[in-house]
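The next block holds one structure in the form of structure tokens; read it before the comments.
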There are 2 protein chains.
Amino acid sequence: MKDIARDLGVSVVTVSKVLRNHTDIGEETRQRVLKRIKELNYQPNLTARALATGKTYTVGLVVPDLVHPFFAEVAKGVSAVLRKSGYSLILASSEEDPKLEQQEISRLLARRLDALIIASAQWTVETFRTIEEHKIPYVLVDRRFAGLPANFVGVDDELAGELATTHLVQCGCRRVAHIRGPEVSTGLGRLAGYRRALEQANLKMPPDYIPPATAGDDDSEMRGRTAMRMLLQLDPRPDGVFCYNDPTAIGAMNAILEAGLRIPEDVAVIGCGNVHYDESLRVPLSSIDQQSAVIGRKAGRLTLNLIGAKRPVRPKLILLEPRLVARASTARLLDAARPLTGSRSESSV
Amino acid sequence: MKDIARDLGVSVVTVSKVLRNHTDIGEETRQRVLKRIKELNYQPNLTARALATGKTYTVGLVVPDLVHPFFAEVAKGVSAVLRKSGYSLILASSEEDPKLEQQEISRLLARRLDALIIASAQWTVETFRTIEEHKIPYVLVDRRFAGLPANFVGVDDELAGELATTHLVQCGCRRVAHIRGPEVSTGLGRLAGYRRALEQANLKMPPDYIPPATAGDDDSEMRGRTAMRMLLQLDPRPDGVFCYNDPTAIGAMNAILEAGLRIPEDVAVIGCGNVHYDESLRVPLSSIDQQSAVIGRKAGRLTLNLIGAKRPVRPKLILLEPRLVARASTARLLDAARPLTGSRSESSV
DNA sequence: TTGAAAGCGGTACCAA
DNA sequence: TTGGTACCGCTTTCAA
């Protein structure tokens, strides 16, 4: 920049203004500067600009696991929205570890990002207090916290659980089990939905139809397999099972098939998440669509709004509607065999 | 920082040195400063530090598609390695669009990152020249460019293609087709491997056993389906098919099953990539493991080395060995029915 | 319309 | 061991 100024006999201020196309610059000067910029292939140093303006044009995204298709799709959505507005995305993975997540978040805070988007693995809200102290806006995604009035984008988990369970009931299942997830909003919500659906159907299940979450198994598939094996040993055994998420459901299905039983004739299975290979599985898996890409995009847009806001705004709660996607794994009755929808692409919110 | 200095009656320089635990600071002073830092919960502004030192402690990762499990795993590996060394990761997605990728890269260059890791969608090497001009180190991942002496981490694609094809032949296939990928190093390499394997087996296939890549279909699964339909109409039709990647293979399998044929009895199928749900597919899919996580970690380490290097070092080529993972989709003979390996977790390089 | 000077929040160098 | 000063590259304010 200095060079350009010197070469052209103008000041750095002038160059700076041209770069940000300020209006108060003579047309001729502007052209000369622009020309020289092109020639030198000059690009302003965004680090310096960030220091001077206090805006980094960078947003942080913290997810528990990038490889989980749900978070990958969220990340993609966020990234697409931010890119269009000139923002970059710093990605941090917490590996489902609250401690690690805290460290990552504090590193991001030190970087003075403009905002944070977090799918949190925390148990407490302490970390979020810290973020608030730094006065940088943040958006929670997928998992939320009771009593924390924060911006949130996600799906109505209770409704998701209810939809899934009701679907099983409508498919003729009378002994419906649930393989539950961790004690976070998603897991608890879906569990609550399961219970509500059973209540509405006037069904009562024995407590061991919800196998306890074994501590510290991060591998959802293995968890599903283990839990399903337990369920199959019960008498009477379940004839339908709603699984916390799709990887868990895949594990459960594998356990069922290994036991020599049929899906859905002996046991119907439904998952949650509707990941994109569900249709091609050994038995195509019914699931609840979570609109992951939409969540990503909405979170991105909300974030941009927050950054743009002059004054702190009231936290916004964006709840998307989960949708049933019925496939072979629950096709037990005639009307269930003609599924409501077979593709996942028709989501459009 | 200024505040701390004032509060304690020392200079900012002293505080700065304590922060980076310089040795030449009195123990007592240091303790006082550290105490105050804790009290204020002070964190140095990394933007400012970056401007002063010229090091951002940030690495950029550019991938064609985050949702593709291969790149998600690479990203995870990279992220894990960088985190341990205090680096952050800026993620950019090119959506397989060379133009977009260029834009993203130039934005990253403007941010003065310490290094770039790129799984490129480019057709030419022009972009890389630009990067070189900026004198920031970069590592290519997965896809490489003939005649570009750049750092590279990936798998030997030709060997991958050869392994896959040879496996089909050993399973008793005599009419082996190939659903090819795009004209980038991965696609071309696997195609070359396919040809080499056939040569070694003394087999000759008609040209239409390699359906042409239809332009601009980014959906691998659809591409696999379409290509497979064409193959099934040939006379004689193939009894084995090697697919460019796993999504393509899934599409191909779906086409085969829809045509009322059996896998592997009528047509054996093998993919490439060994994504983590391969085992749970309608027909568990044989594949070539690409060690995506290892690629990510190796690329991360190599990047850190490059950043640490005093002088520019000679580009390093890290070629990992692809491995066959045989599953049901190719289990046609007795010895193939007892697969070499059934899991993907034993990769360990 | 243009530019000089003063920062942004740190680090580096060298003298005290 | 400590600290003054210049500077990283850009923006902002205000005077010319």
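This one's a predicted model, so the numbers in the text were calculated from it and none came from an experiment. Here is how names work: the chains are called A, B, and so on, in the same order as the sequence lines, proteins then strands, and each is numbered from 1.
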May I ask you to say what B:Asp24 touches in the nucleic acid, namely base, sugar-phosphate or nothing, with a heavy-atom cut-off under 4.0 Å?
base
Within residues 5-17 of chain A, which residues have any heavy atom lying less than 4.0 Å from an atom of DNA chain D?
A:Val13, A:Ser16
What range of DNA chain C does chain B touch, first nucleotide to last, counting atoms under 4.0 Å from its heavy atoms?
C:dC8 to C:dA12
Expressed as a whole number of angstroms, how long is the span from A:Met1:CE to D:dC10:C1'?
5 Å
Sequence neighbours left out, what passes ring pair (Phe, Tyr, Trp, His ring centres under 6.0 Å) with B:Phe71? Give chain and number order.
B:His68
Would you kindly compare B:Thr29 and B:Arg112 by the position of their nearest DNA chain D nucleotide and give the one closer to the 5′ end?
B:Thr29
Give the rounded distance in Å between these two atoms: CD of A:Gln43 and P of D:dG9.
15 Å
Any heavy-atom pair between the side chains of A:Arg36 and A:Asp3 that's under 4.5 Å?
no
Rounding to an integer number of Å, can you tell me how far A:Ile25 CD1 sits from D:dT12 P?
14 Å
Determine whether B:Val155 and B:Leu319 make a side-chain contact, defined as any pair of heavy atoms from C-beta on separated by less than 4.5 Å.
no
Does any non-hydrogen side-chain atom of B:Leu116 lie less than 4.5 Å from one of B:Val139?
no
Measuring only between side-chain heavy atoms, which start at C-beta, is B:Leu19 closer than 4.5 Å to B:Ile37?
yes
Are the charged groups of B:Glu28 and B:Arg32 less than 4.0 angstrom apart, N to O?
no
Measure the distance from CG on A:Leu51 to P on D:dC8 and round it to the nearest whole Å.
13 Å
Using five pairs at each end of the helix from C:dT1-D:dA16 to C:dA16-D:dT1 to define an axis, what is the angle between those two axes, to 10°?
40°
Can you tell whether the side chains of B:Glu104 and B:Arg111 come within less than 4.0 Å, N to carboxylate O?
no
Do B:Arg129 and B:Glu132 meet the salt-bridge criterion of a basic N to acidic O distance under 4.0 Å?
yes
Between NE2 of B:His22 and C1' of D:dT2 the distance, given in whole Å, is 13 Å
Between D:dC7 atom C1' and B:Arg49 atom CZ, what is the distance in whole Å?
17 Å
To the nearest angstrom, the CG-P distance between A:Leu19 and D:dC10 comes to 8 Å
Pairs in or reaching into residues 302-311 of chain A: which pass side chain to side chain donor-acceptor pair (under 3.5 Å), with residues at least two apart or in two chains?
none
Atom CG of A:Leu46 and atom P of D:dG9 are separated, to the nearest Å, by 14 Å
With sequence neighbours left out, the residues meeting ring pair (Phe, Tyr, Trp, His ring centres under 6.0 Å) with B:Phe152 are none
Need one value for A:Thr47: base, sugar-phosphate or nothing, where a base atom within 4.0 Å counts as base even if backbone is also close, heavy atoms only.
nothing
Check: A:Ile90 and B:Leu89 side chains under 4.5 Å, non-hydrogen atoms:
no
